[in-house]
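Notes follow the structure.
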Amino acid sequence: MKLQVVRTQFGKDATNGLLYIDGVFECYTLEDQYQEVKVMHETCIPEGTYDIKFRTTGGFHAKYAARYGAAHHGMLHVQDVPGFQYILIHTGNTDEHTSGCLIMGDTQQDLDVNFNGMVGASGNAYKKLYPKIAKELLIGEKVTIEYSKINLSNDTDIDDNISINIDDMYEKLQEINGNVIKTNAMLNGRIIR
């Protein structure tokens, strides 16, 4: 199984992205901001491909075991990230809920609206994502995650190995834009349904 995190927006305190499983859109992502020099708890991990394995120790594992019971087999742990330790995939809503880890949600707010970033319905997204990955890990299959950034320019060749549906990505970006407009309206006291 191959997960792909395509980073779409880089902000002062956060990084927005889209997560795909074997080329199919799964959910939105939020990470810490990009920085050339790592600052502890404040930097997204370097682009690259990493293995995912279960981590069955630590505070997050205990908390998620209590929350999800028998459905929890261990935290999704991104392996061997240079200069980072204990990078997990977990729930959260803003940049304040991650220390280099990947959080996901069913909705996402534009970083121009909220510099801390915001993903919504993170628990729902996690409950859909986790069993798919856990199933593969439990049967001994290799699961990887690739972090990259969106390239909208035409000055480089397209990698033939990328299997992301551009129409699907465009549709999701349009949906993000619509969510930003609705959020702005609500923040200004207008409710749009």
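Computation of the quantities below employed the complete heavy-atom set of this structure, encompassing side-chain atoms and omitting hydrogens, waters and symmetry-equivalent molecules. Along the sequence shown, residues are numbered consecutively beginning with 1.
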Task: Pairwise side-chain contact, V81 with P46, heavy-atom cut-off 4.5 Å (strictly under) - done: yes
Open item on the list: Would you say that N116 contacts E96 through its side chain, given a criterion of any heavy-atom pair below 4.5 Å between the two side chains?
Closed with: yes
Open item on the list: Would you say the ring centers of Y130 and H72 fall short of 6.0 Å from each other?
Closed with: yes
Open item on the list: Using a strict threshold of under 4.0 Å (side-chain N to carboxylate O), is an ion pair present between E136 and K142?
Closed with: no
Open item on the list: Give me the atom names and distance for the closest heavy-atom approach of E31 to I45.
Closed with: OE1-N, 4.3 Å
Task: Shortest non-hydrogen contact between G17 and Q108, atoms and distance - done: O-NE2, 3.2 Å
Task: Rounded distance [0.5 Å steps], CG in L30 versus CZ in R7 - done: 11.0 Å
Open item on the list: Regarding K135 and E141, does a basic nitrogen lie under 4.0 Å from an acidic carboxylate oxygen?
Closed with: no
Open item on the list: Which heavy atom of K132 sits nearest to which heavy atom of E26, and what is that distance?
Closed with: NZ-OE1, 2.8 Å
Open item on the list: Hydrophobic clustering (ILVMFWY, side-chain heavy atoms < 4.5 Å, transitive) - are L88 and Y147 grouped together?
Closed with: yes
Task: I89 to M75 - nearest heavy-atom pair and separation - done: O-CE, 3.9 Å
- [ ] Go through the side-chain N and O atoms of Q79 and D51 and say whether any donor and acceptor fall under 3.5 Å apart.
- [x] no
Open item on the list: To check you understand the geometry: which heavy-atom pair defines the closest contact between H61 and T57, and what is its length?
Closed with: CB-O, 3.6 Å
Open item on the list: Looking at every non-hydrogen atom in both residues, tell me the closest pair between C27 and A125 and how far apart they are.
Closed with: CB-CB, 4.2 Å
Task: Check: M1 and L3 side chains under 4.5 Å, non-hydrogen atoms - done: yes
Open item on the list: How long is the straight-line distance from CZ of F115 back to CD of Q109, given to the nearest 0.5 Å?
Closed with: 11.5 Å
TODO: State plainly whether one hydrophobic cluster holds both M104 and L137, where clusters connect Ile, Leu, Val, Met, Phe, Trp and Tyr through side-chain heavy atoms under 4.5 angstrom apart.
DONE: yes
Open item on the list: Hydrophobic clustering (ILVMFWY, side-chain heavy atoms < 4.5 Å, transitive) - are V113 and Y28 grouped together?
Closed with: yes
Open item on the list: Distance check, rounded to the nearest 0.5 Å: Q85 atom CD versus D80 atom CG?
Closed with: 11.0 Å
Open item on the list: Is there a path of hydrophobic side-chain contacts, each under 4.5 Å between heavy atoms of I/L/V/M/F/W/Y residues, joining I21 to I150?
Closed with: no
Open item on the list: Within the 4.5 Å heavy-atom criterion, are T144 and I52 side-chain neighbours or not?
Closed with: no
- [ ] Report the residues that fulfil salt bridge (charged side-chain N to carboxylate O under 4.0 Å, His left out) with K128, sequence neighbours left out, ordered by chain and then residue number.
- [x] D106
Task: hydrophobic_cluster_shared for I133 and Y20, side chain cutoff 4.5 Å - done: no
TODO: Check whether the ring centres of F84 and Y50 lie less than 6.0 Å apart, and answer yes or no.
DONE: no
- [ ] Verify, without hydrogens or angle tests, whether T15 (side chain) and D32 (backbone) share a donor-acceptor contact under 3.5 angstrom.
- [x] yes
- [ ] Look at the side chain of H97 and the backbone N and O of T94, then say whether any donor-acceptor pair between them is shorter than 3.5 Å.
- [x] yes
Open item on the list: Quick check: do L129 and L19 have side-chain heavy atoms less than 4.5 Å from each other?
Closed with: yes
Task: Flag, side chain of Y68 to backbone of H73, donor-acceptor distance under 3.5 Å - done: no
Task: Y64-T91 side chain donor-acceptor pair, cut-off 3.5 Å - done: yes
Open item on the list: Any side-chain to backbone donor/acceptor pair from D22 onto K2? Under 3.5 Å, distance only.
Closed with: yes
- [ ] Output the rest of the hydrophobic cluster of Y34: all Ile, Leu, Val, Met, Phe, Trp and Tyr residues reachable through side-chain heavy-atom contacts under 4.5 Å, sorted by chain and number.
- [x] F10
Task: Min side-chain heavy-atom separation L18-Q4 under 4.5 Å - done: no
- [ ] Could you tell me if the ring centre of H90 sits under 6.0 Å from that of F60?
- [x] yes
